[in-house]
Structure formats: C-alpha cells, structure tokens
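Report on the structure given below.
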Amino acid sequence: MASGGSKGSSARGGGWTERQNKQFECALAVYDRETPDRWHNIARYMGGSKSADEVRRHFEHLVHDVVQIEAGRVPFPRYYNYSAPPAAGGRPDDAATARSKYLKFQSSR
C-alpha cells in the first residue's frame, strides 16, 4: 500500500520508513486541506527527509489505496489464531468470516 518501503528504506527517494509514515500521519492531522502551502508545511514537518512533491504524491497514493479498500477491491487477509483451536468444531476461517460480517455491519450504521 502507501508505505512503499521497509523500515530500513532510505530517507530520500521512493521508500518511506515506518517512522516517516508516522510523521506523515501526524503532519496530516496538523496541516489539514485548508492550510496554505500544505505540502511544503508537511515536508518541513518531516524534517527535510521528503520534498513537498513527494509528500503530495504519497498522500495521493494513500487516497487511492483507501478508495480501493472501500470499493471492496482489496481482499480481507485470512487470519488464523494458531494459539487456539477453531471454536466448536468450526473452520479456521470462521473468525475471519465473523469479523467481515461485523465490519460490514459497522460500516452500514
């Protein structure tokens, strides 16, 4: 998705570290869409590790990812709790099915 890199990615360039993503999230909370020079302010908040153009593109990629998820184009991951047996003879994916139904219920509220 929007991270585009691993923890060890370089600060400059295409990759975003976990720390940079967290800084980016915080900067988005500080500088909303009404802020003049938003992308320059966010780049400055990032400590100079990213340019205004890089943070704008990262945001656009994030928005694209969210649209894909909300449109149902990204499948739910299949989780399995290896520390506990399936409930009452159920299949391992019963928990994922229940979680999916719960999330659909929550989003329809």
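Hydrogens, waters and symmetry mates are skipped; everything else that's a heavy atom, side chains included, is used.
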Legend entry - Those residues that, when tested against Asn41, pass side chain to side chain donor-acceptor pair (under 3.5 Å) (two or more places apart): Arg44
Inset, instruction - Could you name each residue pair satisfying salt bridge (Lys or Arg N to Asp or Glu O under 4.0 Å) that touches residues 21-31, not counting sequence neighbours? - result: Lys22-Glu25
Legend entry - side chain to side chain contact (heavy atoms under 4.5 Å, CB included) involving Arg33 - partner list, sequence neighbours excluded: Arg38
Inset, instruction - List in chain and number order the residues that pass salt bridge (charged side-chain N to carboxylate O under 4.0 Å, His left out) with Asp37, two or more places apart in sequence or in another chain; answer none if no residue qualifies. - result: none
Legend entry - Phe24 side chain reached by Glu54 side chain, heavy atoms, under 4.5 Å: no
Inset, instruction - List the steps, then state whether side-chain contact (heavy atoms from CB on, under 4.5 Å) holds for Asn21 with His58. - result: CA-CA 9 Å; Asn21 273 310; His58 194 61; 2.8 Å; yes
Please tabulate, one pair per line, all N/O donor-acceptor pairs under 3.5 Å involving side-chain atoms of residues 66-75, not counting sequence neighbours.
none

Inset, instruction - Specify the closest pair of heavy atoms between Gly15 and Lys50, including all atoms of both residues, with the distance to one decimal. - result: O-NZ, 2.7 Å
Inset, instruction - Using the test ring-ring contact (aromatic ring centres under 6.0 Å, His included), find all partners of Phe59 that sit at least two apart in sequence or belong to another chain. - result: Trp39
Inset, instruction - Taking the side chain as every heavy atom from C-beta outward, state whether Trp16 and Val55 have any pair of such atoms under 4.5 Å apart. - result: yes
Legend entry - Closest approach of Ser51 to Ala43 (non-hydrogen atoms, all atoms of both residues): C-CB, 3.7 Å
Inset, instruction - Sequence neighbours left out, what passes salt bridge (charged side-chain N to carboxylate O under 4.0 Å, His left out) with Arg56? Give chain and number order. - result: Asp53, Glu60
